[in-house]
Amino acid sequence: MNPIIAYFSTIPSAHRSLILVGGITIFWLIENAYPLFNFTYKKWHHASINIFLTLTTIVVNFCLAFILLKAADWTIANHFGILQWLPQMPLWIYMIIGLLLLDLIGAYLVHLVEHKTKLLWRFHLIHHTDTWIDTTSANRHHPGESIIRFVFTTLGVLIVGSPMWMVFLYQTLSVVATQFNHANISLPKKLDTILSYFIVSPDMHKVHHHHVLPYTDSNYGNIFSVWDRLFGTFMTLPKEEIIYGIDTYTKPEEHNQLKNLLKIPFQKPRSKENH
């Protein structure tokens, strides 16, 4: 455990960037070899949009990182937060509890709130407009959503009382997990089902990207699947029935043009009926 703590306490930005780029590259190669769906699309054009939005997420997080650092340092200095109030226990248990709680607040809760709040949904909607879900879709977030998610991550750090090394570890696992569960890869059904009892598997998350309710409002998790199962938001759907996208933005010029994607949160909200 000590080497893990030491590494993530001072993980260089270059290493974090390498993990992000390496993950996309590895899953990109795997999904080309073993695709879940055989898409007919301009993969590089699609990827360029998603990678641009990924870069804006990186910029937002980089610019606001000092807030996260201050929050983590404050919880330790003031002995504040759930982890700080727990009795003595093995460090690995402490780490698992911390990661689970950070995932609950920084991923599951913010995702749920974005779906249930009209204003926040306007920003999160951009993620759901993607009609070709692959590993580049993982961080297809409007810059406004990146700020929203950062706020919840900071809230999670304060509530959990997480040290900075655990925050860096959580963010690293979160990046790899979201690249994995968005990847257009075909896993053996039994393997995917087994994985879905512990982590968010590709088939599990793809249900969330089905274009209509109630499936869109399900499977909110990112790393751990326990929260969806615990709070009753877990759903299944045969992959043959899944149709990606959102039923209010079905035209390519709406969901496959960067300029329009950036404008969507500020446009008049539309419903299926008036589309």
Side-chain angles (χ1 to χ4, degrees), residues 15-58 103 107 111 124 126-142 145-146 171-211 215-216 218-225 228 234-246 249-250 252 255-258 261:
H15 288 199
R16 300 182 74 191
S17 299
L18 185 62
I19 291 169
L20 186 147
V21 174
I24 289 179
T25 302
I26 291 170
F27 291 124
W28 177 292
L29 293 172
I30 295 174
E31 66 186 16
N32 278 333
Y34 304 101
L36 178 64
F37 296 112
N38 291 305
F39 294 134
T40 55
Y41 68 129
K42 295 179 180 178
K43 186 160 180 142
W44 281 104
H45 173 73
H46 173 258
S48 68
I49 292 173
N50 291 345
I51 290 172
F52 175 85
L53 293 173
T54 298
L55 290 175
T56 64
T57 297
I58 293 171
D103 192 51
H111 201 171
H124 182 56
I126 281 71
H127 185 69
H128 280 271
T129 59
D130 200 337
T131 56
W132 305 290
I133 301 299
D134 62 24
T135 193
T136 69
S137 307
N139 289 294
R140 179 190 171 106
H141 299 308
H142 191 280
E145 181 180 6
S146 298
Q171 289 182 326
T172 300
L173 292 175
S174 181
V175 164
V176 175
T178 195
Q179 290 173 345
F180 169 63
N181 58 47
H182 282 86
N184 181 38
I185 57 178
S186 180
L187 295 180
K189 182 60 180 175
K190 286 186 178 180
L191 174 60
D192 194 284
T193 300
I194 292 171
L195 287 175
S196 72
Y197 281 100
F198 305 96
I199 63 173
V200 179
S201 66
D203 283 3
M204 174 182 169
H205 189 70
K206 299 305 190 303
V207 174
H208 179 75
H209 281 276
H210 189 53
H211 69 135
Y215 299 99
T216 310
S218 70
N219 299 3
Y220 295 111
N222 183 34
I223 301 177
F224 303 106
S225 60
D228 280 298
F234 176 79
M235 294 188 72
T236 61
L237 182 69
K239 57 187 178 183
E240 296 80 15
E241 298 180 24
I242 293 175
I243 300 173
Y244 293 141
I246 198 74
Y249 290 85
T250 57
H255 63 69
N256 201 35
Q257 294 295 332
L258 179 61
L261 289 173

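- Side-chain atoms of His141 and His124 form no donor-acceptor pair, as typed in the model, at a separation below 3.5 Å.
- Between the side chains of His128 and His211, no donor-acceptor pair of N or O atoms lies under 3.5 Å.
- Between Gln179 and Ile26, the closest side-chain pair of non-hydrogen atoms is not below 4.5 Å.
- Between the side chain of His45 and the main chain of Asn256, a donor-acceptor pair closer than 3.5 Å is present.
- There is no side-chain donor-acceptor pair under 3.5 Å between His205 and Ser201.
- Residues His127 and Asn139 have side chains not in contact (no heavy-atom distance under 4.5 Å, counting atoms from C-beta outward).
- A heavy-atom distance below 4.5 Å is found between the side chains of Asp192 and Pro202.
- Residues Ile133 and Asn184 have side chains not in contact (no heavy-atom distance under 4.5 Å, counting atoms from C-beta outward).
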Could you give the side-chain donor-acceptor pairs of residues 234-242 under 3.5 Å, partners two or more places apart or in another chain?
none

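- For the pair Val207 and Ser218, the minimum side-chain heavy-atom distance is below 4.5 Å.
- Taking CG of Leu258 as the start and CG of Asn50 as the end, the distance is 9.5 Å to the nearest 0.5 Å.
- Side-chain contact between Lys206 and Asn219 is absent, with no heavy atoms from C-beta onward closer than 4.5 Å.
- Ring to ring, Trp44 and Trp132 are not that close: their centroids are 6.0 angstrom or more apart.
- A donor and an acceptor atom, one from each side chain of Asn222 and Asp103, are nowhere located under 3.5 Å apart.
- The aromatic rings of Tyr220 and His208 sit perpendicular, their planes meeting at an angle over 60°, well past the 30° parallel limit.
- The OG1 atom of Thr172 sits 4.5 Å away from atom CD1 of Ile19, with the distance rounded to the nearest 0.5 Å.
- Atom CD1 of Ile30 is separated from atom CZ of Phe180 by 8.5 Å, given to the nearest 0.5 angstrom.
- Of the possible polar contacts, one joining the Thr57 side chain to the Leu53 backbone as a donor-acceptor pair under 3.5 Å is found.
- The side-chain heavy atoms of Arg140 and His182, taken from C-beta on, include no pair separated by under 4.5 Å.
- In terms of the salt bridge (charged side-chain N to carboxylate O under 4.0 Å, His left out) criterion, residue partners of Lys43 (sequence neighbours excluded) are, by chain and number, Glu31.
- Aromatic ring centroids of His255 and Tyr249 lie 6.0 Å or more apart.
- Checking side-chain atoms of Ser137 against main-chain N and O of Asp134 turns up a donor-acceptor pair under 3.5 Å.
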